[in-house]
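Below, chains carry the letters A, B, ... as their sequence lines are ordered, and counting in each starts from 1. Source: prediction; values computed, not measured.
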Amino acid sequence: MDRDMGEVVCGACGLVIGDVMLDQKPEWRAFTLAEKDARMRVGAPTSYLQYDKGLSTTFRPNEGSTSRQMSLKMRRLRKWNVRSRLHSSSERNLSQAMNELERLSDKLKLPRSVREIGARIYRKALDKGLVRGRSISAVAAAALYAACRTTRTPRTLKELSTASLRGRKEISRCYRLILREVNPRLPIDDPAKYISKIASTVGLSQRAQNEAVKILRDADSRGMVSGKGPVGLAAAALYVSALLAGEEVTQQDLANASGVTEVTIRNRYKGLRNGIDYLKEVL
DNA sequence: TAAGATAAGAGGGACAT
DNA sequence: ATGTCAGTCTTATCTTA
């Protein structure tokens, strides 16, 4: 089980068995009865996924005493309750954004934990006024992408943009804005994260994956990776390791599975061959 | 048919004006 | 703010084994 990836992977063969990670746990645990008793009072775990963090009240008609007057009064109260919750534009904005976040996460099979972080990032962006003048869906997609990066969950900007209604350019603009304004320190994208994802869709062995990771480490230690796209590097490393292991994969297959072009794979492949001595001899 | 080569164009970062 | 430069990646097309 690879928690970073949000995937369930077979340890023997590297096959991705399922990529839906359900997070059904409450956010706390009770170890003793007394503790449990104490915690009964905290209510549901709060969540950033609801625009009001799950703390709002709702009115329901009282089914027991349904006098005509009472139900009218209740209806009025409920109306005001709803109004007071939704009246501010920022909260309306949030509620829309949370919907979009849910839709995207669903499409991309992202675990709830990532969605939570995406929601938190979106809130910050909204508080800083970054959403004004931009589309909610684009900023939401960008926030979710940022969440993938902070949690080291391998999703590409491209995947985000195909799931979103917005174009890649617009989302990446928002993403860079978020980087600058709200989330200055994100870990750099690690190519190794993409390896098992790519490998399992083209059916490469775990052995080949391990080898590919090793190759990437070598390349990194030689300063060959800076400035290069992480996905292309991962795909090329897999191509090399497949050759070494005698497993059959075409550049075309890897290109399809990874979302980069064959040309890019070829270029990275060439770089790896020239840059790493022990590969020069074998290939 | 897969792999390699080449060229043109897009988009974005760094840096200067 | 705007322009230029170097470098990456994509798309398209042709050649090679």
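A/Arg268 places its CZ atom 8 Å from the C1' atom of C/dC9, with the value rounded to the nearest Å. Atom OH of A/Tyr269 is separated from atom C1' of B/dG4 by 10 Å (rounded to the nearest Å). Between the CG atom of A/Asn256 and the C1' atom of B/dA3 there is a distance of 15 Å, rounded to whole Å. Rounded to whole angstrom, the span from the CE atom of A/Met224 across to the C1' atom of C/dT8 amounts to 15 Å. Rounded to a whole Å, the CG atom of A/Leu254 is 17 Å from the C1' atom of C/dC9. Atoms CD (A/Glu248) and C1' (B/dT1) sit 13 Å apart, rounded to a whole Å. Distance A/Leu177 CG to B/dG12 P: 13 Å, rounded to the nearest Å. Taking atom CG of A/Leu179 as the reference point, atom P of B/dG13 lies 9 Å away to the nearest angstrom.
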Apply the test side chain to side chain contact (heavy atoms under 4.5 Å, CB included) to residues A/Ile195 and A/Leu216: give CA-CA distance (whole Å), side-chain angles for both, the deciding distance (0.1 Å), then the verdict. CA-CA 10 Å; A/Ile195 281 187; A/Leu216 279 181; 3.6 Å; yes
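Side-chain contact check for A/Asp127 and A/Tyr122: no donor-acceptor pair (N or O, by modelled atom type) lies under 3.5 Å. Using modelled atom types, one finds no donor on one side chain facing an acceptor on the other under 3.5 Å when comparing A/Ser161 with A/Ser164. Looking only at atom types and distance, the side chain of A/Thr250 has a donor-acceptor partner in the side chain of A/Asp253 under 3.5 Å away.
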Base versus backbone protein contacts along nucleotides 10-17 of chain C [heavy-atom cut-off under 4.0 Å; B, S, -]: BBB-----
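Within the structure, every side-chain polar atom (N or O) of A/Arg168 is placed at least 4.0 Å from both OP1 and OP2 of B/dA10. Taking only side-chain nitrogens and oxygens, A/Gln251 comes nearer than 4.0 Å to OP1 or OP2 of B/dG4. Distances shown here put a side-chain N or O of A/Ser172 below 4.0 Å from the OP1 or OP2 atom of B/dG12.
The side chain of A/Lys169 lies closest to B/dG12, out of B/dG12, B/dA5, C/dC9.
Among the heavy atoms of the strands lying under 4.0 Å from A/Tyr239 are primed sugar atoms or P, OP1, OP2 only; no base atom is included.
Under the 3.5 Å distance criterion, the side-chain polar atoms of A/Lys128 are left unmatched by any main-chain donor or acceptor of A/Val182.
When A/Arg166, A/Gln96, A/Glu100, A/Glu170 are each tested for a side chain to side chain donor-acceptor pair (under 3.5 Å) with A/Ser137, only one passes: A/Arg166. When A/Leu108, A/Thr156, A/Ile117, A/Val114 are each tested for a side chain to side chain contact (heavy atoms under 4.5 Å, CB included) with A/Cys148, only one passes: A/Val114.
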